[in-house]
Every structure is written in C-alpha cells, then in structure tokens.
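Just follow the structure's listing: the first ligand is 1, and inside any ligand the first atom is 1.
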Amino acid sequence: MRVYKFGGSSIGSAARIRHVAGIIGSGLAETRIVVVVSAIQKVTDMLAEAASLAGKGDGSYRDRIAEIASLHASICTELFGSGEADAWLAGMASELNDVAGGIFLLRDLSDKSLALMLSYGERLSSWIVGRYLRQAGIAAETVDARELIVTDGNYCYAKVDAHATESLVRQKVHFLDTVPVVTGFIASAADGSVTNLGRGGSDYTATILGAALHAGEVWIWTDVDGFYSADPKRVPDARVLPDISYAEAMELSHAGAKVLHPLAVQPAMKAGIPLLIRNSFNPAAPGTRIEEAPEAVSVLPRPVTGLTSINRVVLLNLSGSGMAGVPGTASRLFTCLARHSINIIFISQASSEQSISLAILPGQASMAKKVLEEEFSREIEARRIDPIHVRRNLAMVAVVGNKMSGHPGVSAQLFETLGKNGINVIAVAQGANEMNISLVVDSEDEDKALNCIHESFFLSRRKVHVFIAGTGTIAKSLISQIRAHRSTLQEEMDLDVVVCGLANTRSMAMDREGIDLERWHEAMQPREDRDGIEGYIRMIRELNLHNTIVVDCTASPKVAEAYPGLLQENISVATANKLGMAGPWELYRRISDARRKSNAKFLYETNVGAGLPIINTLNDLRNSGDKIICIEGVLSGTLSYIFNELRKGGRFSEIVRKAKQAGYTEPDPRDDLSGADFARKLLILGRELGYRLEYADVECESLVPESCRGEMTPEEFLDRLSTIDGWYAEEIAKAGAEGMTIAFTGELKDGKAKVGLKRVPLESPVAGLNGTENLVVFTTDRYLKTPLVVKGPGAGGEVTAGGVFADILRIAGYLV
Ligand code: ADP
Ligand code: ASP
Ligand code: MG
C-alpha cells in the first residue's frame, strides 16, 4: 500500500485534478492507494487573509471568501458540469462566512478561529478530488482527518497524539475498500475543536497515515522534480538529490526546505517507511527517495547534502559585561521565551559568554524584546546587561549534510566563498552533530550566498558574471573573444564566463542568465536613467550575483572614479581604462586603499602596453625580490610608428598624416604627439614601483610645436606641422653621422619619470622597432648585463581585449 499526497499546485486546476486522477489510476494498477490532499493552491493563504481582515474589522473579508468560492466553483463547473456542485459549495461558503462573520463581530482572531477558518481549504479540495475520482471510475470517498488525527489544543501548530491517532486511522481507514481521499493539514483536539498541523502540514498527515497503516511507501507529489540540493526557485543550478537519509531530510526541512514539512519525516523514519518526493507535473522524473541509509549516501563521500534558507529572521542579542560566569542566564532566557511560545530558530554564544544571539521569526520579535526586557529588567537597570538589541531584515542560510562530521575543511570552504563574495556573516552556529552549519546574513545577500555556496560545494563548473562598461573597439573585440572561447573554457577549465551586462552612456543590456553574445546589439535597450556609470552599477549591485566582475572598456574618468566603491563592495574589476591608475594621486590612493581592504581583485594589465605582460612582469620581479634599477622604452604605439617610419626616410608631417589615416592616432593627432598618453603609462609604472608621482611630475616633452597649439582643426594642424619636417630630417642625419638615431622614449629611474625625444644608438632595441610595436626594457639587479625586454604590439582592439580577457580569467581563477 502507498500513500499519495498531492500538494496545492498539483491540484491547482481542473486539468491538474484530471491529471492527478491519472496518476492515482496508474498507482492503483500496482497497489492500494491512500490519497491525502492539500488545499488548492493559494487557498490557505486566501483564507488566512480573509481571517486577518475579519479580525481587524475589515468587511472586505467577504470579497476574499467570494473569490475562494468562485475559484472552487469554476473548477467544479469544469469537472462536473454547471450547477452540479452549487448547493454543496453554497453551503460551505455560507459556513465560512458565518465563521468569518463571528471573527469580524468580535474583532478578535484567536488561534482557535484561525485554525477553523484554514480547515476549509482541505475540506473543499478533498470533496472535489473524491467526487472527481468517482466520476473517473475510481471508487473513492472523502475522509475528514478531523476524525482520524487527534492533537493537543495548540490550534495552529498542534502536537499529534500518535497513539490515539494510530488506532483511529486503523479503525477508519484500514478496512475501507475504496480509495480514501483524506484532508491534509487538519486535525482535531480532544474536545473536538479543529486544529492544524502547521503550514505545509499535509505532508505530515501523509506520513502519519503511512505509519499507522504500515504503508510500503509514502509519495509526496509536488511541483518540482524532487528534493533539490537547494531551492530551485532561488538557485537555478540546483540538482535533484536522488536519495537522502531521513536525518538529512529532517535537517534540511527544519532549516527551511519547504518541499517537505519538518515533522513529516519522523513518523516515516520511526516506521522505516521510505518517503519519495515526486513531481506531479513530470511523473517520469524518478524524484528523490528518502530512507534510512540510502546506498549513494554510504558510498559517496558527500560532506554537504543541501542548502536551505529561511528568508526572514530577526536576530536578538542579549549581551553585557555582567553575563560571563553567571550561571542561569541562558536558562532564564530560554524559559522566558518558551513561556511566551516564542520559537527559537538559531542560537549562538561565544565562549567569552558576553553575548547570546538568537534568531526568531519577525512576527515574534517585538513580543520577544518586550518579555526579555521585563525578565532582565533588574540587570538592565544595573547595567550588567544591555538593552535587548534587535536586528531585522536578515536571512538564515544553512549548510546541511550528514557526512560533514569529521570532514575538515567544510567551514573553511564555506567561509572562503562567502568572503570572496563580500558576504558578511552576522552570526554562525554549528551543532555538535556537525550536520548543520547555520549562518545569519543580510536578507539582500541571501540568494547570492545560496548560489555561491551551492556552486562551491555542488558544481564542478564555476561561473563568473561579467558586466562590461563601454561598447567601443575594445569591448567589441572582448565580446567576440569571449563568445569564441566560452565553450573551450567550459570544457577545459570548467569555467563559465557569463556576460550579464553591457552598457554605454546611451544604452544597456542586462540579463542575470547571460546575454546572447551572438545578438548583443539587439539586446541593447535605450537607457532612460541617463545615470551614467552610477546607474549601471546600481543595477549590478541590485542583481547581487556571486563572482561578479566589472570590466571597464571605457576611457572615462567617471568610470574610474567608481573603482574604490566597487572594491569596497567586494566586486572585482578588470580595466583597460588608464584614468584610474594614472588619475590624480587622491584617486590612486583611494583605489589602492580599497584594493588592500577588499576581498575582490583589481587588475589593469592593459593600462600599459595593451596585451603585453608588463605590469605582471614588473610585479613578478619585485615580488620575488629583484630590484628594479631602470625601466625604459617606447610605450606609445603611435609615436613608435612615427619614428620607425621616420628612420626609413620620409617627411614627419606626412607620416603623421598616414598614421592618422591608418587609425593609429587619436582623432586629433596632437593628443598622441603631446606625449600625454605615454606619460600616463610611465606614471603608472612609477607608482607601481612605489613612487608618489602625480601626472605633473612626469617630465613630458611635447612634439606639438608652439605654433600648432592653439584652436585649429586636425587638418589645419597637419598642414602647419610640415614647417618642422626639415628639422626632423636634419636631426636624423646628424644623429646618423654618429651611429645614432632619434626616438621618442620614456625612462623611469631613481623616482624620476620622463618622456621625450632622445638620441639612441642605431643598434639599440628601440631603433629596431617596427610598425606600432612597444618595447619595455627592465634593468634590474638580476637582469643587469642583459636587461629583460618585453616587446610586441602595444595597441589595438584585439590585443588589448585579449589582455583584458586574461585579467578576467585571472580574477576568475582567484574567485573560484
Ligand atoms: P506543495 O504545494 O506541493 O506542498 P510546496 O510549495 O509546499 O509544495 O513545496 C514545494 C516547493 O518547495 C518548491 O516549489 C520549491 O520552490 C520549494 N523548495 C525549497 N527548497 C527546496 C528543495 N531543497 N528542493 C525542492 N524544493 C524546494
Ligand atoms: N494547505 C496547507 C498550507 O498551505 C497545508 C499544505 O499545503 O500542506 O499550508
Ligand atoms: Mg508543501
């Protein structure tokens, strides 16, 4: 024999009820079936709302009841034809109106009346399902659990009298030769008044019946494929657990896994009856099997079974210098709360005994504060104990597993993941059975915590969520590189780089599941916020995804200004924008400070020499104890090109014109010839070496002649520039006569940085550059006679994007 329990969504419509009849029919082909039903989806909530309105003297409770009646009426009409169930439904609705009317008149909603109100949900649904089964040719009859389940008088969360219940169930259900359709959730006290088994209690009804009837199995039919490693509605990557032990199921459901009522495991466990969680929407899915020692559990070393959360808790803190070493404080605390039926979800006390933290449900917080302040009033007055501190808007996340005990490293892994994602843990508790580590975090961080913990413990493939600022050349190349390389990264590194955001000042695309990079243009929507980078960051923050990386592909000082804030929030940054590291010292200092304090990473390899490994090389040298004596070279692709061409012969202004045509220069070539961009790179390297340099400290020789510095168009400028062609030709010739040539180079030595024209030997590496190549020469203690040289293309969308991509992967490597 099996017990089948159907949840509210499984019988949420006429079509669903027909479908359920099919499931029951198939079950009957194999064995005897006892059915337990919940109220139809949402009905219990609607009843609770109607009751609460009536209790407040609000006449609109009648509308709620009318809605409930019409919901059932439409299902009945669809199942039985019009008018068939009218009389019965009218009778139920009128009873319900009478009960609510009484509450309304008294303006008093007691637990007793609430329990009675809520009982109508299951009474309505069981009648409908029973009648439909008969119509479908299955001999079935509705059984009211008030005649089976005996409880104490705790109306809304009643305690079951197992003994009395067992014999009633045997008497009244065992010998039925029809399929009983039993109301879930409801029961009755010894005096006959209606009680409830707590929200979600139909699961419990099912296992109570299963145990009393010695069922072979109890199947809980719900709307998901089984017991998942985490709530699939909050953690999209959650997996179905094929089998778990009773102890694990109990721990998970107590810690908030709504799929199973916390008390439901016990009767099944005691009677040794396997519990199955199945999806009525997908009966083909095998579901989850819960039993004593499932095979997989004993074979697989699985330290963590699942994660759960309770999404609104309040933390009460009892603290004070007078608590330590005073026996009885904790006992008074708990006794006082118990006396007022305040349920404690979580307890934590540090060994200093100076404070005890408790998590409770928000509805009980004010009451708890009041009664505790009364209880400890003398101590509070004498300042031995502080006034009770209440902290709201928190969530409790629990990591559960029966193999966590004796498995070192679980907490380390847990806290490391949370730390890297900047999730602040407000309180922690782990019981000595080591089956559950519970954490209290800010409500805002609940989903992020669940997702990052889940990824860390359950998935071999890790995700990083990338948000790109800017959609110019570099961003475009980056997008196509990520698109082209994503599947290789998934396969080879088990890493998924998901681009969740793209924005420029005018438009934006954002999708937590990832933007389709084949069609990102189409996803871009005009921005109404006009809020620049702040608006974008606000949205990134609101999404609050784990492993978030912001990628700056702009050249905007505003975006650079945002780095310290991002780092403070533990959001990592990869940037191709120089205006942070080469910005004013104050900004640089704030970024550096934030980097030190942050758990997030900040990488900017492409700020100098685009994709060339310059900053990493410099840091590797320094970190391994080498001493940098001098850094020199060519760090401007444009200037490199101009002088490389000049050396081959040719007029200066013509070469600049050609460079502009080839797209090697800024729109106004004076921006390159001024040497400013080059100077910024040297500034970054100088700061990297620890020098406190401002931009103005970099000695920078501009190649823009005095006569060309005023207001003029780039064209006019190029025309005027020809006046100095002769000078360059002469300089090259003069230098050539001495075995030298000229180049525009930079040098960083003894804390001084300068960029400008310089004579260099013809055989020097600078003189041998081609095209837009960059070159950096590191002279160090270790690389003294033969300096270390990094050379290659130092500009261009592709190589810069490649450098940014590499930074993203470095950050990913750290995060996951
Ligand atoms: P029913 O109406 O069938 O009793 P519930 O809403 O009470 O259904 O429980 C099913 C829901 O529990 C799922 O839709 C899911 O969102 C939630 N849930 C929370 N944690 C888990 C988990 N670990 N595994 C499966 N479902 C979970
Ligand atoms: N109908 C009740 C509730 O919504 C019981 C249940 O669904 O199991 O809480
Ligand atoms: Mg349920």
Identity and distance of the protein heavy atom lying nearest atom 7 (O) of ligand 2: S38 OG, 3.4 Å
Ring geometry between H465 and H546 (parallel below 30°, tilted from 30 to 60°, perpendicular above 60°): perpendicular
Heavy-atom check, side chain of R289 versus side chain of P242, under 4.5 Å: no
Minimal non-hydrogen separation, K448 against N421, with atom names: NZ-O, 3.1 Å
Ligand-residue contact atoms, ligand 2 with G201, heavy atoms, under 4.0 Å: 5 (C), 6 (C), 8 (O)
Over all atoms of both residues, closest heavy-atom pair of I290 and A249: CG2-CB, 3.7 Å
Ring geometry between H261 and Y204 (parallel below 30°, tilted from 30 to 60°, perpendicular above 60°): parallel
Short side-chain donor-acceptor distance under 3.5 Å, S245 and E248: yes
Sub-3.5 Å N/O-N/O distance, G200 and ligand 2: yes
Note down each nitrogen or oxygen pair, ligand 1 side and protein side, whose separation is under 3.5 Å; give only atom names and the distance to 0.1 Å.
from	atom 1	to	atom 2	distance (Å)
ligand 1	2 (O)	G8	N	3.2
ligand 1	3 (O)	T222	OG1	2.7
ligand 1	4 (O)	K5	NZ	3.1
ligand 1	6 (O)	K258	NZ	2.8
ligand 1	8 (O)	T222	OG1	3.2
ligand 1	12 (O)	V259	N	3.4
ligand 1	14 (O)	D223	OD1	2.9
ligand 1	14 (O)	K233	NZ	2.5
ligand 1	16 (O)	D231	OD1	2.9
ligand 1	16 (O)	K233	NZ	3.1
ligand 1	23 (N)	Y228	O	3.0
ligand 1	24 (N)	Y228	N	2.9

Ligand 2 N/O within reach of D203 N/O, cut-off under 3.5 Å: no
Closest non-hydrogen atom pair, A69 against A93: CB-CB, 4.2 Å
Min N/O separation R199 to ligand 2 under 3.5 Å: yes
Salt bridge present between D144 and R146 (N-O < 4.0 angstrom): yes
Subset of ligand 2 atoms that lie under 4.0 Å from at least one heavy atom of T44: 1 (N), 2 (C), 3 (C), 4 (O)
Numbering as shown, the atoms of ligand 2 that approach E122 to under 4.0 Å (heavy-atom distance): 1 (N), 2 (C), 5 (C)
F458 and H454 aromatic ring geometry - parallel, tilted or perpendicular at 30°/60° bounds: parallel
